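Since the model is a prediction, treat every value here as computed from it, not as a measurement.
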Amino acid sequence: MRFLNLSEGTTKESYIIKEIKTDNITKTRLQVLGVIKGTKIEILNKRINGSIIIKVRGTRLGIDKEISNSIYVEILHNERKKSNEDLKPCFYR
């Protein structure tokens with residue numbers, strides 16, 4: 001299965017971190033902030049310059065383009081939002 005770079009993700013979508021491919025100093029810094037393999041994250045905002053604001057464990061973090069390109073994620077399918085297609089019809093007399 002192919003994973004997405006975090007920078008390829010869309011806003012208001014939840015993801016699970018599958019792998020972090022960066023140098024040890026940056027990886028350690030991310031671990032201290034709670035950004036580790038298996039963690040659920042949500043993209044809150046994407047900037048034109050490539051930086052991303054994410055929600056991790058209830059905290060908002062801003063990361064730059066280089067770091068977001070090194071974080072590989074998978075879409076969290078069971079967390080998707082309900083749309084009108086998911087709603088069952090209700091009939092009244």
Hits for side-chain hydrogen bond (donor to acceptor under 3.5 Å, both in side chains) against Asp23, two or more places apart or cross-chain, chain-then-number order -> Thr26
Thr22: what forms a side-chain hydrogen bond (donor to acceptor under 3.5 Å, both in side chains) with it, not counting sequence neighbours?
-> none
Only pairs under 3.5 Å count here: list side-chain donor-acceptor contacts from residues 56-66, not counting sequence neighbours, and write none if there are none.
unit_1	atom_1	unit_2	atom_2	d
Arg57	NE	Gly34	O	3.2
Arg57	NH2	Thr39	OG1	3.2
Asp64	OD1	Ile67	N	3.0

Just wondering, do Ile41 and Tyr15 contact through their side chains at under 4.5 Å, heavy atoms?
-> yes
How about Ile17 and Ile36: do any of their side-chain heavy atoms sit closer than 4.5 Å?
-> no
When every non-hydrogen atom of Lys18 is compared with those of Glu74, the smallest separation belongs to CE-OE1, 2.8 Å
For Lys27, all residues meeting salt bridge (charged side-chain N to carboxylate O under 4.0 Å, His left out), sequence neighbours excluded | none
What about Ile20 and Ile75, same hydrophobic cluster or not, with Ile/Leu/Val/Met/Phe/Trp/Tyr joined at side-chain heavy-atom distances under 4.5 Å?
-> yes
Hey, can you pull the donor-acceptor pairs under 3.5 Å for the side chains in residues 46-55, sequence neighbours left out?
unit_1	atom_1	unit_2	atom_2	d
Lys46	NZ	Ser7	O	2.8
Lys46	NZ	Gly9	O	2.6
Asn49	OD1	Ser51	N	3.0
Asn49	OD1	Ser51	OG	2.9

Check the hydrophobic clustering (I, L, V, M, F, W, Y; side-chain heavy atoms under 4.5 Å; chains of links allowed) and say if Leu33 and Val73 are grouped together.
-> yes
Beyond-backbone contact of Lys21 with Tyr72, side-chain heavy atoms, under 4.5 angstrom | yes
Is there a donor-acceptor pair closer than 3.5 Å between any side-chain N or O of Glu13 and the backbone N or O of Thr10?
-> no
Separation between CD (Glu8) and CD1 (Ile43), nearest 0.5 Å, reads 10.0 Å
Report whether Leu6 and Leu4 are members of the same hydrophobic cluster (ILVMFWY, side-chain heavy atoms less than 4.5 Å apart, transitive linking).
-> yes
